[in-house]
Amino acid sequence: MAQSVKGMRDLFGAELRWFQHIEETARRVFGRHGYGEIRTPILEELDVFKRSVGESSDIVNKEMYEFTDKGGRQVVMRPENTAGVVRAAIQHKLLASSDPVLLYYIGQQFRYERMQTGRYRQFWQIGAESFGVASPESEAESLLMLHSFLKELGLKQMVFSINSVGTPESRPAFYEAFRAFFAERQDRFCSDCHRRIESNPLRVLDCKNESCQAALEGHPVITDYLDEASAKHHARLKALLTELAIPFEENPRLVRGLDYYTRTAFELLSSDLGAQSALLGGGRYDGLVKQLGGPEVPAFGWAIGLDRLAMVLQQVRGEAPHVAPALLIPLGERAATEAFKLARGLWDVGVAVQLETRGGALKKAMATANRTGVQTVLILGDGELDGGTITARHMATGEQESWPLSELAARLKPAAS
RNA sequence: GCGGCUGUAGCUCAGUUGGUUAGAGUACUGGAUUGUGAUUCCAGGUGUCGUGGGUUCGAGUCCCAUCAGCCGCCCCA
């Protein structure tokens with residue numbers, strides 16, 4: 001049997017309904033915050049990611065779907081969407097003025113990784129990027145939007161982890177202090193940590209090895225090494241979040257895998273996801289636009305994993321909200337003809353109804369209605385036609401009533417909307 | 001990329017030290033009921049045993065390879 005490529009999955013049914021509900025909510029919430037949608041190509045030139053995500057990152061190192069196209073171009077199926085959005089904003093001169101530019105995207109991303117629950121090779125991200133504003137206020141605005149988005153989806157108990165990773169100028173001082181601390185007791189750390197201290201020093205801090213955790217006692221904290229402006233920025237953001245009642249906790253050990261972050265970095269984990277617990281992440285990336293050949297424009301953004309979000313919502317809220325349309329069952333040829341006209345009249349005024357076109361036994365149609373979760377069945381036979389009515393049966397209670405055909409649309413509309 | 005586990009009906013799973021015609025529940029199809037759906041009763045498909053090799057008189061069972069999924073690591077959404 002033919003099957004989907006490893007790590008690629010088909011979305012349909014109940015799971016897709018969560019996706020759709022999430023996307024609708026995102027468009028509504030982001031739209032009212034003044035964000036506009038952007039859609040960028042799945043394929044980008046290799047250089048776009050090398051220069052943004054960073055050549056040292058695992059994503060660029062080993063996780064990219066990368067190939068040479070028929071024209072000899074080195075292209076990549078995007079592993080994330082921020083770099084593409086920045087590239088597009090530069091290319092189309094969206095950042096030419098000093099006006100803020102607010103964009104969001106919804107799209108598939110690709111990473112060549114080992115499969116696991118909640119980790120796919122094609123996965124979906126929803127993200128928002130804010131260009132042109134360096135203030136902590138712009139970060140609070142973006143986070144408030146994110147908070148509203150998740151709240152409207154029915155997610156409770158979210159606590160953002162936030163940190164400040166400083167600037168490219170201030171960070172070396174911390175790394176120096178931390179590496180010195182590490183060197184003093186390096187024999188107490190595991191081999192993984194010896195690798196991490198070179199590639200991504202903060203990762204040493206969340207090593208699961210007990211002896212490493214013990215060795216970390218009294219380690220230097222990154223927020224103690226911030227320059228004055230970054231420290232002030234960080235304090236102001238925390239004050240705003242507190243003022244807005246957005247729950248957060250400071251996590252001086254938080255570090256992100258992409259190279260481009262400056263100052264604020266944050267993420268949200270979920271215990272409903274198993275080992276792949278990261279639900280969303282983001283932060284400030286003031287240097288990225290210039291790095292990709294654009295003007296010097298500050299930026300802030302985040303991305304949330306749609307697959308993982310759908311999984312969490314399925315866990316905490318069950319099935320996605322869904323109302324099956326009423327089912328119209330005609331009995332006999334005369335009624336079948338009339339049912340078409342009736343259904344068309346309903347469709348034309350925006351009422352949802354499904355038409356049973358199989359003919360045959362009513363029993364069979366009823367069984368189908370029961371299986372598919374139809375709440376209201378409409379039975380149209382000769383008796384009803386002669387009387388100008390239709391029989392409405394409420395599946396949950398088994399109650400039946402006779403509705404005048406003239407009132408059908410009005411009676412159905414509240415139930416279907 | 002590293003380590004471990006799993007794969008039998010649409011779904012959830014049994015299946016003896018290798019033994020002859022593959023099982024249960026549920027779902028599905030038809031009928032008891034030709035204008036009434038979760039219950040009841042009766043009758044029934046329920047299958048390349050993930051795939052391909054090998055050992056054997058004989059493989060769902062043992063061996064090898066391969067594919068897919070799951071768990072942990074790395075990392076991330």
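Nothing here was measured: the structure is a model prediction, and the numbers come from that model. Below, chains carry the letters A, B, ... as their sequence lines are ordered, and counting in each starts from 1.
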- [ ] Would you mind listing every side chain to side chain donor-acceptor pair (under 3.5 Å) that reaches into residues 342-359 of chain A, with sequence neighbours excluded?
- [x] A:E356-A:R358, A:R358-A:T368
TODO: Keeping to residues at least two apart or across chains, list the side chain to side chain donor-acceptor pair (under 3.5 Å) pairs with something in residues 145-156 of chain A.
DONE: A:R28-A:E152, A:R32-A:E152
Base, sugar-phosphate, or nothing for [X], non-hydrogen atoms under 4.0 angstrom?
{"X": "A:L309", "result": "nothing"}
{"X": "A:E113", "result": "base"}
{"X": "A:Q122", "result": "nothing"}
{"X": "A:R196", "result": "sugar-phosphate"}
{"X": "A:N81", "result": "nothing"}
{"X": "A:G332", "result": "nothing"}
{"X": "A:K6", "result": "sugar-phosphate"}
{"X": "A:L331", "result": "base"}

Would [X] and [Y] pass as an ion pair if we require N to O under 4.0 Å?
{"X": "A:E45", "Y": "A:R73", "answer": "no"}
{"X": "A:E37", "Y": "A:R39", "answer": "yes"}
{"X": "A:R27", "Y": "A:E24", "answer": "no"}
{"X": "A:R195", "Y": "A:D192", "answer": "yes"}
{"X": "A:R263", "Y": "A:D286", "answer": "no"}
{"X": "A:R87", "Y": "A:E44", "answer": "yes"}

- [ ] Mark up nucleotides 37-45 of chain B, 5' to 3', with B wherever a protein heavy atom is under 4.0 angstrom from a base atom, S wherever such an atom reaches only the sugar-phosphate, and - elsewhere.
- [x] BS-------
Open item on the list: How would you summarise protein contacts on nucleotides 4-9 of chain B per nucleotide, using B for base, S for sugar-phosphate only and - for none, with heavy-atom distances below 4.0 Å?
Closed with: B-----
- [ ] Give me the residues of residues 16-28 of chain A where at least one heavy atom lies under 4.0 Å from an atom of RNA chain B, by number, or none.
- [x] none
Using the [atom1] atom on both, measure [N] against [M] and round to a whole Å.
{"N": "B:U51", "M": "B:A77", "atom1": "P", "value": "38 Å"}
{"N": "B:U17", "M": "B:C63", "atom1": "P", "value": "15 Å"}
{"N": "B:G44", "M": "B:A9", "atom1": "C1'", "value": "15 Å"}
{"N": "B:C57", "M": "B:G52", "atom1": "P", "value": "23 Å"}
{"N": "B:U8", "M": "B:A14", "atom1": "C1'", "value": "10 Å"}
{"N": "B:A22", "M": "B:U48", "atom1": "P", "value": "13 Å"}
{"N": "B:C62", "M": "B:C49", "atom1": "C1'", "value": "16 Å"}
{"N": "B:G50", "M": "B:G4", "atom1": "P", "value": "22 Å"}

Open item on the list: So, OP1 or OP2 of B:G72: does either fall under 4.0 Å of a side-chain N or O from A:Q116?
Closed with: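 Yes, because at least one side-chain N or O of A:Q116 sits under 4.0 Å from OP1 or OP2 of B:G72.
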Open item on the list: With a 4.0 Å limit, can you tell me whether A:T117 has a side-chain N or O closer than that to the phosphate oxygens OP1/OP2 of B:G69?
Closed with: no
Rounded to the nearest Å, what distance is computed from the [atom1] atom of residue [X] to the [atom2] atom of nucleotide [N]?
{"X": "A:L328", "N": "B:G35", "atom1": "CG", "atom2": "C1'", "result": "15 Å"}
{"X": "A:R119", "N": "B:G1", "atom1": "CZ", "atom2": "C1'", "result": "11 Å"}
{"X": "A:L254", "N": "B:A77", "atom1": "CG", "atom2": "P", "result": "11 Å"}
{"X": "A:D382", "N": "B:G35", "atom1": "CG", "atom2": "P", "result": "10 Å"}
{"X": "A:D58", "N": "B:C2", "atom1": "CG", "atom2": "P", "result": "14 Å"}
{"X": "A:I329", "N": "B:G35", "atom1": "CD1", "atom2": "P", "result": "13 Å"}
{"X": "A:M115", "N": "B:A77", "atom1": "CE", "atom2": "C1'", "result": "14 Å"}

Open item on the list: Here's a test of your reading of the structure: between A:I379 and A:R111, which maps to the more 5' nucleotide of RNA chain B?
Closed with: A:I379
- [ ] Nearest-nucleotide wise, let me know which of A:G7 and A:A303 is further upstream toward the 5' end of RNA chain B.
- [x] A:G7
Task: A:Q213 side chain vs A:L205 backbone, donor-acceptor pair below 3.5 Å - done: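 Indeed, once roles are kept as given, a pair shorter than 3.5 Å links the two residues.
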TODO: Compute both the distance and the angle, then confirm whether A:R9 meets the cation-pi test with A:Y120: under 6.0 Å from the six-membered ring centre, within 45 degrees of the axis.
DONE: yes
TODO: Please determine if A:R121 forms a cation-pi arrangement with A:Y112, meaning its NZ or CZ atom is less than 6.0 Å from the six-membered ring centre and no more than 45° off the ring axis.
DONE: yes
Open item on the list: Stacking between B:A77 and A:F123, yes or no? Criterion: centroid separation under 5.5 angstrom, plane angle under 30 degrees.
Closed with: yes
Task: Any A:T68 side-chain heavy atom under 4.5 Å of A:V75 side chain - done: no
Open item on the list: Any heavy-atom pair between the side chains of A:L150 and A:L280 that's under 4.5 Å?
Closed with: yes
Task: Worked verdict on A:L378 versus A:L327 for side-chain contact (heavy atoms from CB on, under 4.5 Å) - done: CA-CA 6 Å; A:L378 304 166; A:L327 181 66; over 6 Å; no
- [ ] Tell whether A:Q400 reaches the base of B:G35 with its side chain through a donor-acceptor pair below 3.5 angstrom.
- [x]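 Counting by modelled atom types and ignoring angles, no donor-acceptor contact under 3.5 Å is found here.
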TODO: Can you establish whether the number of heavy atoms outside A:F67 located under 6.0 Å from its atom CZ is more than 12?
DONE: yes
TODO: Verify the neighbour count for atom NZ of A:K238: are there more than 12 heavy atoms of other residues, nucleotides or ligands below 6.0 Å?
DONE: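 For A:K238, atom NZ is crowded (more than 12 foreign heavy atoms under 6.0 Å).
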Task: Sole candidate of A:F160, A:F30, A:Y105 that passes ring-ring contact (aromatic ring centres under 6.0 Å, His included) when paired with A:W302 - done: A:F30
Task: Dot-bracket encoding of pairs in RNA chain B, which uses [ ] for pseudoknotted crossings and | for another strand, Watson-Crick or G-U under 3.5 angstrom - done: (((((((..((((.....[...))))((((((.......))))).)...(((((..]....))))))))))))....
